[in-house]
Structures are given as C-alpha cells and as structure tokens.
There are 2 protein chains.
Amino acid sequence: MAEQHREISVAEFFEKNRHLLGFSNPQKAIITCIKEAVDNALDACEEENILPEIHVTIDEVGDEKLRWQVKDNAVGIDKDVIPNIFGKLLYGSKFHKLQQSRGQQGIGISAAGLYAQLTTGNPVKIYSKKKGNEDTHMFKVRIDTQENEPEIIEDRIVDDYEFEHGTSIEMDVEAKYTRGHHSVKNYLKHTAIMNPYARIVLTEPDGNTIEFPRVSKDLPPQPKEIKPHPHGVELGVLMRMIRNTDSRTIKSFMQNEFTRVGRTSADDIIEKTELSGKERPSTLEKDQMETLLEAMQSTNLQNPPTNCLSPIGEDLLERGLKKELNPEFVASVTRKPSVYRGNPYQIEAAIAYGGDIKNEGTYNVLRYANKVPLLYKKSSCATTKAIRDTDWSRYGLSESGERPQGPVYILIHMASVWVPFTSEGKEAIANYPEIVKEMKLAVQDVGRKMKRHISQKRKEKVRRKKRKKLNAYGQILAPSLARLAGSDEQQIQENLTEMLHDEYGEPEDA
Amino acid sequence: MAEQHREISVAEFFEKNRHLLGFSNPQKAIITCIKEAVDNALDACEEENILPEIHVTIDEVGDEKLRWQVKDNAVGIDKDVIPNIFGKLLYGSKFHKLQQSRGQQGIGISAAGLYAQLTTGNPVKIYSKKKGNEDTHMFKVRIDTQENEPEIIEDRIVDDYEFEHGTSIEMDVEAKYTRGHHSVKNYLKHTAIMNPYARIVLTEPDGNTIEFPRVSKDLPPQPKEIKPHPHGVELGVLMRMIRNTDSRTIKSFMQNEFTRVGRTSADDIIEKTELSGKERPSTLEKDQMETLLEAMQSTNLQNPPTNCLSPIGEDLLERGLKKELNPEFVASVTRKPSVYRGNPYQIEAAIAYGGDIKNEGTYNVLRYANKVPLLYKKSSCATTKAIRDTDWSRYGLSESGERPQGPVYILIHMASVWVPFTSEGKEAIANYPEIVKEMKLAVQDVGRKMKRHISQKRKEKVRRKKRKKLNAYGQILAPSLARLAGSDEQQIQENLTEMLHDEYGEPEDA
C-alpha cells in the first residue's frame, strides 16, 4: 500500500479538475482567460492610481484555437516574480491581505497558463515594462505540472515591443469565440458598468473593434489593508498567530496583531482571563489560548475599519445603469459595511425599471463580486437566493416560481476583503446566511423605491383615465346643465375644465 | 511589489475556503466528517475483499462541539503513511489511478483534520492495526497549515485498544448533530442503500444506536486499474507522458502506456504520421507530438475496458429501493459504459413509484457518485439537470416548473474512474453535456417502464369502472330484456356476466 501513496501537486489537481477553474468548455475557456487577465490588469492599475487602459485582442490561429492578448498600462511586474506568477498555482500577493481586490487566490492567471499548455502545448508569453525608463522583458513560461513550479523557456530583453509601461500577456488556448450573453464582449460590457474609470478596447477575431469608453476620471479611493478583528478569529488561527508572533507579551501581541485593540481594550480582554498580560506568547498553554479567545470574543470592540473596502457608490451605480440600459427609473443603495467570519464586506444593489428594458418574462440580473461580473452559476449564487427569497409582489412586480417578472434589471455587488466563491473559478458567491440576509435587505431597499415609482405610475394612469372620462361627460352634460341652470354653456365648460385641472392636474396633451 | 508575493499552501487556501470542502456550517460539518471517514473505510475494505463493518460514534463534548469516531475492519494503514494521510492535503493513492473508488482527491480526511484543529485546536487521533498479529499504533497528528505538512504530536504502540485489525479515527470538531434530510443518519441510510454488503452501526450523541444491517454478502467484483485511452488524452498530457516515459521507442511507448493499443493499432497510428515508430520518445519535437496526437485520435480503437468500473447493478438497485421505500413499482437500468475526456463511466438509474411513497408535491431524488450519496447542492448537480430536461408528462407524471410531480423516487448513480465534482467537497456532479445526456437516457429508460405501469394501472381502473357500470345496467335491463325477448331472466343475467367476464376479466371481488 505505502508505495502507492504520493503527494499530488495542486497543478495536477486542477489539470484534472479544470471545470473548477472555469475551463469546462471552449466557449467558457476564452471568457475565463480574458477575465483573469483583465481582473489582474485592473487591480494593477488601481494599486498605482493609474486610470486603466486595457487592450484585449483575440485571434483565431486554428480550428477551435485562439490566441489572446491582454495589455495594460500599469507599472509592469518585477521580473523576479514573473515566472512564479504565471508558472505556479497558489502564488500571489493578495491572499494574505485583508483588503478588497479582484484577485485573491493566486490561481487565476496561472490556471489559464495551465489550460493553455494542456490544450495547445504552448507556453505563456509575457512582456513587462516597469515605470521609469527600464527595459522591456519578455518571458516564455511553462508550468511543471507535477511539481507546480515554473519552467522558464525564454527570458530576454526586447526592444521591438511598444509600450510606455505595463504588462502584456499572450496565450494560445483551445477555445471558441462566441457572441451573446456568455461572451467576452458581454463580460467586458458588464465590467465597464462597474469600472467606469477604465477604458477597454476589444479587438475580435474578425478584426472588429469595440470600445468601452471611460465615463469617469475619478479613480475610487484605494482600499487599505487591515489587520484581523478579534471577533472573527478562530482558535486554530489564534494558536498559529501566537506561535508566529514577534511580540514579547500577550498584551502587545493583541495590540500589534489585531485591529481595534488598543491598550484599554487589551486590558479589558486580559481581565477576563487568568493571565496578567505580561506572559510571553510562546508560553501559553492550549486552554489559556481558548480562554483568551473567549475573552476576545465577549469583549465589546469597535467594528473593523471599512477603508479596506471600495464599493462603487450609489451615484456611479445609477449612472452606469442609465447609460447602458436607458430605463425610465433607477434606484440604488450602498449598505453600510458588515462582517462575516471576521471579513468586512459591503453589499450594494440597484434596480432599473422600464424604459428601453423589455419585459422578457423573467427578470435580468447583474451580479458582481469586487467589481468583477459573474456570468455563470447563477442558480448556486447567494445573489439569486436573495432575489428569490424576496417577496416581489410587495414591490410591484408579479412573480412566477419565486422569480420576479417585469421589465427589470436587478444588480447586486458584494465588495469584501474575502469573497467566499463556490469554486476556484470565482463564478458564484457561496450562500452564507449572513451575506444572503444583507443582500436581501439591499434589494428590498431598492425594491421599495421602485414600488413607489410603480404605484405613482399606476396612480397617474388612473388619474388620467378619470380625467378623460369626466371631460367627456362634461362635454355631454354642459349643454343640458346650461339649459337647466339657464346659464352660459361656454362658462360651464370653462368651470368644468378648471375643476378638473384643480383635481387632476394638466390635461394629457398639455 | 516583489516582496509581497508569496506561495500559498493548499492547506492555507482551504482553511480560508472551508465551504469548498463542505464545512460551511456546524450542521454540515459533522456530515462531511463522517462521510469522508466512511468513504475511506468502505474503499479500504473493498480493496481487500473484506465485508465492511463500520462503527460510527458521535458524542457531545461541549457547546456545538462533537467528538466523532469511525472504526472499520479493513487491514489498517501502514504507519509510515499515516502522518501524511491525515496531516497533508492532496496526498493519497487514488488520484493517479484510473479505477473507480470513493476517494479520489487526497483531500477529504485531511480536510476534516484541518477543520478540527481550526475549530477546536485538537489534533486528529488515529489507531491502526494491520492484518496479522501486529501492534496497534496510535498517532496524534496536526497539520502545519503554512507548509501543508504533518506534525506528529504523539506516535506510540498501545495495547489497550481493542480490535482485530483496521483503522479508527477520532476528531473533535465544532459541529451540530441534527436529524432530518441533512443528517448523519440519513447519510448513512442512503449509503446503506448503495452498499448493501456493508454493516454500519451509528451511535448518536444521546446513546441511541441505529443499525444498518448487511442485506447481501456479495462483495462487488473489484474494479481494475486501467491505462489512459488514446482518444481521451490531451496534448499537454501526451507531452508529459513522452517526457517521462521509460519506453525506448515511440511505438513501444504507445503500446506500454495506453490501453487498447496493440502492435497493429500502433502501426496504424504511426502510418498516419511522418514517424517510423523507432524514434526515442525524448527526441520528438512539439509538432511531431501534435501530429501523433491527431493520428491517435483519428485511429479506430476498441473502447477502453470497463472492468475499472463497479456499478451496483439493476438487481441490487431494485432490492435496495424496495427494502427502504416499499413502493408498488420499481424499475432500474445500468447503462453500458461510456467515456468522457478519456474517463470511462457508467450511469445507473432507478425509479420507485407509489406504495408507501407519498405524493408530496415534488419528486424525491437519490443522487450517488461512486456509491457515495450526494445530499447537498442539488440545484447545481448534473442529475438535477437530467431530470429537469426530461419531459415527464411523456412518462405518466405531471410537471410543475420543470419538476416531475408524484409519489416517486428517482435514483441516479454515476460510477466513474474520475467523477467531475463541482467542488472539492464532492457534493454535486458538474454539468458535462455528455454526462447529462447519458443520465437523461437512463432516466428516460426507467421512465418508460414506469409509464407502462401507470398506463396499465389507469387502464385497469377504467376497465373496472366500465365493468361495474355495465353490470349495474345489466341488472336493470335484464328483466325488461327477458320480457321483450320472452326468454328467461336468469339466463340473460348469466349471459351478461359471461360477456363481461370475457371482455373485462374477473369481477372485482373475485
């Protein structure tokens, strides 16, 4: 038995389980590739306060074989980390940070590289030029799947590649370029709605160019990294933190390594334990750590700071929807931040109704996680649960099988330092009850606003109908009234019009 | 930037993404733990042709803290691999084998250990006794999360632990013991249906004991390991196989490392390329490998052998359903094996109708992958897609919103050398179109059988009604007929009864 057991590299694992990464079919594969590269490009630009300018180019190079390139204007990647970033799964700078970003796992772009070499045998090609007058580096990198380690095929300085600074990535993949809901174009369109400060240009395989122009020059404030909050930490993690800390006392450990623990609150916590606070962290026994954890969790502390988050905001949400959908009504809400398992997060929702939006039986949805559109796995997404759990008949929409119906788009955005996706492909948000609840509160808020609009509209319709009818009766009655009252017919007409005007406002054609 | 990048261990990754492993809440956590341990126990027994005898014991040891133990009668685990099996994610013996087994990823049981230490800080406790008069080893193992490496806390020989041979695992976890559909008991009940040769005994926290007795002493034939089939291999994998092979020529490489490639078919393949077959594999260029792959895939070859699979079989399927559900009708089908991405698999389906099964509005479903029940993520499972894509009105059931309705259980089982799960928690089967299609064909097959039963039943009902009516008319008509015809009234009654008998069978009370 023993000799058959062996370690499985994470690259081998995902090679066999590519559908977990979003590579289950050729149509989806190209969307996943572009998504991973564009997410990284947007993150890289925002980190350096650069207005993103991203060029996506896709070419056909064979039967169901596409060559894609994504080029950005960020500050390039340090050449020492390029091989690992593209040739090693689970490698990155964002995993250990409590700070909102699109990438989080260190899997996405190397997974695309894994898929490329699996299906076409070709390595990933990377151009990178740092800001300042540096050289442009060109790398070709493969993944040694059995070891999950990069293999550098080529590494040289080139002078024939044009750009000021930034990164350009190129891969050959088995894929199929399609149009419609599940398409690169639609993915970029949804991205543009949520990232109005980016300019994205897509060149399709037939040479057709589509531009998603920048509609705002305001970059969102950069989210800040925070430390863990005592209320969200678990015993196993606390034990590891205590083992690894450089702090000399358990009190300073708490002040140094957690957010919202100052001297006073550290004292408050320690008072609930048998500890003095002066113990060296490494001397704590397991049951002392358990007591410490209980004390931390039962002590009142300020909520974690929320500048680690970067929601899009109500104004930009509404502008994005108006621009893309031209509805007759739009409403939005940015909820105040909340916390799940110690991770700060914030839910935004918006609703667009009527106007150019057609009633196609069911509702339309725009799902986002950290400004990244989610196109797949709708049915297993927390957003869908929140929408289905809401009683839309209370908000002026009819329902069919738990689905709201009408000329309506519902948008939900989760901004978080850690989004719990249902798979490594980051396609849907897991159904954590506290998250679903926040989402429900958000859609109910915009639902109420829509309801007022719909009621208003219905009232208006009734009012108009009444006015029209009374007016018609008036014209018939006026002569008889005039005869009965012996007064002037025209005077009666005028009085009637005035009365209608007072009661029901301007006539329809006014 | 560079200094912030670092490697993420797979244990760190899953600690943060525990919901991917089935540890999203305390209720589910205990089911996932028991599932992983029982799956391993069943695999271990079957590998050694031992009729499984498994004891599951769950105790409360604190507020939302459970201690669980799973003890089997397999041949124990080699002590050298125990630390890695329980203290390292992605370590195992089944990942690289093309052979049906419950475990496949080398994640499950170590993930349970990860969850245990995260929530209670306690290590995993393992007892193992090999077959033959060996010592019983006791280990306590933790996971060094940052390195994904085991830490041995204790390792000694004990003489106070009673068993003949086998493995016993014990963990303390944050969890909640509940009853109902999502419960350990239900999980074991569903396991018993699919593994009728196992005896499983559950002791609940309140001391209550539930036995799932063995109903068959026939162990299924052991699945055999097979080599990859040329039609299911991809370029990246072929390139790696060529790089790693010990074969001296490309022809012997094909014969040695693939199934269904003999001398003749190897010649057929090589003929389609520019190669002679005598080249050393390591000398092949990339485009030669591409040509070779195309040749392999365009050459007619026998389908892969299917003794790598171990379906349960129509007879046992029906016996299991009859025993558990007592329906009035049951039908089953074991489809012939099929292949997706080179992986042989086989779909089985069964349907149970009426009898003790109540009509509760919607249908009931029993989902299995390699004999393991799937209790969660129904909506994202290929089985659900297959059922919803089927037009059940053709098979005698009414439908509501794509869901069949009626007093009915539908069972679907996928047996495969590699099941494509939607997450590492192995809760649902991914929607590969070819798999969904096979599942649809299977449920349609049992659907047709059910339809015949339902039609027969309806016809029978109509027949009875007619007979009753005619009989009643006859009794009224007979005297008048007798008078009109001048014949004997009793004779007419007798003739009528005879006619009804010929036309509509025995009367109801016969």
Side-chain angles (χ1 to χ4, degrees), chain A residues 1-2 4-10 12-13 15-17 19-20 24-25 47 75 77-78 80-81 84-85 88 90-93 95-97 105-107 114 117-122 145-146 234-237 239-240 244 286 289-290 377 379-380 401 418 420-424 430-433, chain B residues 1-2 4-10 12-13 15-17 19-20 24-25 75 77-78 80-81 84-85 88 90-93 95-97 105-107 114 117-122 145-146 234-237 239-240 244 286 289-290 377 379-380 400-401 418 420-424 430-433:
Chain A
M1 285 263 300
Q4 299 169 345
H5 282 84
R6 72 170 171 100
E7 191 170 339
I8 300 144
S9 100
V10 66
E12 288 179 307
F13 177 75
E15 188 180 74
K16 236 175 159 173
N17 278 311
H19 58 275
L20 298 182
S24 48
N25 63 62
E47 273 168 27
V75 296
I77 305 173
D78 196 294
D80 297 336
V81 295
N84 274 334
I85 288 181
K88 188 182 184 75
L90 287 177
Y91 180 88
S93 60
F95 182 85
H96 294 94
K97 275 191 199 168
Q105 314 177 133
I107 292 182
L114 185 72
Q117 80 181 35
L118 178 67
T119 54
T120 69
N122 290 344
T145 319
Q146 280 159 303
E234 281 172 295
L235 185 58
V237 173
M239 286 166 74
R240 185 166 67 233
N244 293 347
K286 197 197 142 210
M289 298 193 244
E290 274 184 271
K377 295 219 181 128
S379 70
S380 37
W418 185 262
F421 290 107
T422 60
S423 75
E424 288 79 356
N431 279 337
Y432 277 99
Chain B
M1 284 265 299
Q4 299 169 344
H5 282 84
R6 72 170 172 100
E7 190 170 340
I8 300 145
S9 99
V10 66
E12 287 178 307
F13 177 76
E15 189 180 71
K16 235 174 158 173
N17 279 310
H19 57 276
L20 298 181
S24 48
N25 63 61
V75 296
I77 306 173
D78 196 294
D80 297 336
V81 295
N84 275 333
I85 287 182
K88 189 184 183 74
L90 287 177
Y91 180 88
S93 59
F95 182 86
H96 294 93
K97 274 190 196 169
Q105 313 175 134
I107 291 182
L114 186 71
Q117 79 181 38
L118 178 67
T119 53
T120 68
N122 290 342
T145 318
Q146 279 158 305
E234 281 173 295
L235 185 57
V237 173
M239 286 166 72
R240 184 165 67 232
N244 292 347
K286 195 196 145 210
M289 297 193 245
E290 275 184 89
K377 296 219 180 129
S379 70
S380 37
S400 150
W418 185 261
F421 290 106
T422 60
S423 76
E424 288 79 357
N431 279 337
Y432 277 98

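Just so we're clear, the structure is a prediction, and the values are computed from it rather than from any experiment.
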Checking heavy atoms, do the side chain of [X], its backbone, both or neither come under 4.5 Å from chain A?
| X | result |
| --- | --- |
| N84(B) | neither |
| L20(B) | side chain |
| S400(B) | neither |
| E7(B) | both |
| I85(B) | side chain |

Option that, when pairs with chain A are counted at under 4.5 Å, heavy atom only, ranks first among [options]:
| options | answer |
| --- | --- |
| H96(B), E290(B), K88(B) | H96(B) |
| P433(B), P420(B), S423(B) | P420(B) |
| N25(B), N244(B), L114(B) | N244(B) |
| K377(B), M239(B), M289(B) | M239(B) |

Please report the interatomic distance [atom1]([X]) to [atom2]([Y]), rounded to the nearest 0.5 Å.
| X | Y | atom1 | atom2 | answer |
| --- | --- | --- | --- | --- |
| T422(A) | H19(B) | OG1 | NE2 | 7.0 Å |
| L235(B) | T120(A) | CG | OG1 | 7.0 Å |
| F95(A) | S9(B) | CZ | OG | 7.5 Å |
| I107(A) | L90(A) | CD1 | CG | 4.5 Å |
| K16(A) | I8(A) | NZ | CD1 | 8.5 Å |

| Quick one: do the E424(A) and N17(A) side chains pair a donor with an acceptor below 3.5 Å? | no

| query | Under 4.0 Å between a Lys/Arg side-chain N and an Asp/Glu carboxylate O for R240(A) and E12(B)? | reply | no

| field | Per-residue contact mode, Q105(A) against chain B (heavy atom under 4.5 angstrom) | value | both

| request: With a 4.5 angstrom heavy-atom cut-off, could you sort out which part of N122(A) is near chain B: side chain, backbone, both or neither? | output: both

| task | Quick one: closest heavy-atom pair of S24(A) and Y432(B), and the distance? | result | O-CE2, 4.0 Å

